[in-house]
Amino acid sequence: MNRKIATLKSPVDRHVAQGWNNAKKVAELLCRPAALPVLKKQNAGIDRVFLGTDDPHTLNLESNRRLTGSGEFRTPAGWQDFTFTCELDPTTGKVTSFHTALSSTRP
């Protein structure tokens with residue numbers, strides 16, 4: 001994780017990332033970059049994705065192999081909530097799979 005944080009361009013971003021809990025680090029630095037291509041296969045109009053919120057209960061690092069939680073993505077029609085499972089290879093630090101399930105649509 002420290003190598004990934006070191007690649008962030010801004011010193012402010014690196015400082016903020018150092019303060020995240022492990023689940024947030026995995027979500028932002030490993031799983032979120034893998035999420036967008038997966039979601040774009042489901043809907044090409046998706047242009048933004050967020051994993052978790054400010055509430056630490058929205059991300060759960062179950063083990064060094066799995067992160068689960070909730071997130072949201074943006075389409076031209078608006079934001080959509082979803083839940084996800086991000087599978088990881090702890091040896092390489094890479095995402096091996098990313099699965100989503102849609103939640104109820106926002107009002």
Side-chain angles (χ1 to χ4, degrees):
M1 295 310 311
N2 289 332
R3 284 189 302 239
K4 285 281 191 184
I5 291 171
T7 66
L8 297 174
K9 293 178 184 171
S10 161
V12 172
D13 290 346
R14 289 190 297 272
H15 178 73
V16 168
Q18 287 292 346
W20 289 336
N21 65 34
N22 287 338
K24 181 73 171 172
K25 288 177 184 176
V26 169
E28 287 296 319
L29 301 170
L30 299 177
C31 296
R32 189 170 57 89
L36 189 57
V38 169
L39 290 165
K40 279 185 162 288
K41 286 180 183 175
Q42 298 171 17
N43 181 334
I46 294 171
D47 68 343
R48 295 283 306 231
V49 63
F50 293 104
L51 302 181
T53 67
D54 290 338
D55 178 355
H57 295 96
T58 58
L59 296 171
N60 180 24
L61 189 57
E62 296 178 4
S63 70
N64 63 356
R65 295 182 178 274
R66 177 181 288 188
L67 176 74
T68 60
S70 59
E72 56 187 5
F73 59 79
R74 183 174 67 185
T75 69
W79 289 94
Q80 171 67 54
D81 295 323
F82 67 97
T83 59
F84 70 90
T85 300
C86 180
E87 302 286 344
L88 306 153
D89 180 338
T91 304
T92 64
K94 295 187 182 207
V95 173
T96 58
S97 67
F98 188 89
H99 300 282
T100 65
L102 294 181
S103 301
S104 61
T105 307
R106 293 175 171 221

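Taking CD from Gln80 and CG from Leu39, the interatomic distance works out to 10.5 Å, rounded to the nearest 0.5 Å. One distance of note links CG of Leu88 with CG of Leu61; it measures 7.5 Å at 0.5 Å rounding. Here the CG-OG1 distance, from Leu102 to Thr83, works out to 8.5 Å after rounding to the nearest 0.5 Å. Separation of atoms OG1 (Thr53) and CG (Leu59) is listed at 7.5 Å; rounding is to 0.5 Å. Separating the CG atom in Leu51 from the OG atom in Ser70 is a distance of 9.0 Å, to the nearest 0.5 Å. Annotation: the span from Asn43 atom CG to Thr75 atom OG1 amounts to 6.0 Å, rounded to 0.5 Å.
Applying the salt bridge (Lys or Arg N to Asp or Glu O under 4.0 Å) test to every pair with at least one member in residues 86-103, sequence neighbours left out, gives these pairs: Arg66-Glu87.
When side chains are defined from C-beta on, Glu62 does not count as touching Leu67, because their heavy atoms never get closer than 4.5 Å.
The two residues Gly93 and Leu30 make their nearest non-hydrogen contact at O-CD2, 3.2 Å. Of all heavy-atom pairs spanning Leu29 and Pro33, the tightest one is O-CG, 3.8 Å. Minimum heavy-atom separation, Gly45 to Pro76: O-CD, 3.4 Å. Here the shortest heavy-atom pairing between Ala34 and Val38 reads O-CG2, 3.5 Å.
Within 6.0 Å of the CZ atom in Arg65, the count of heavy atoms belonging to other residues, nucleotides or ligands does not exceed 12.
Side-chain N or O atoms of Thr100 include none that pairs as donor or acceptor with a backbone N or O of Phe82 at under 3.5 Å.
In summary, of the residues considered (Phe73, Trp79, Phe84), a ring-ring contact (aromatic ring centres under 6.0 Å, His included) with Phe50 occurs for Trp79 alone.
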For residues 15-27, which side-chain donor-acceptor pairs fall under 3.5 Å, sequence neighbours excluded?
| from | atom 1 | to | atom 2 | distance (Å) |
| --- | --- | --- | --- | --- |
| Asn21 | OD1 | Ala23 | N | 3.1 |
| Asn21 | OD1 | Lys24 | N | 2.8 |
| Lys24 | NZ | Glu28 | OE2 | 3.3 |

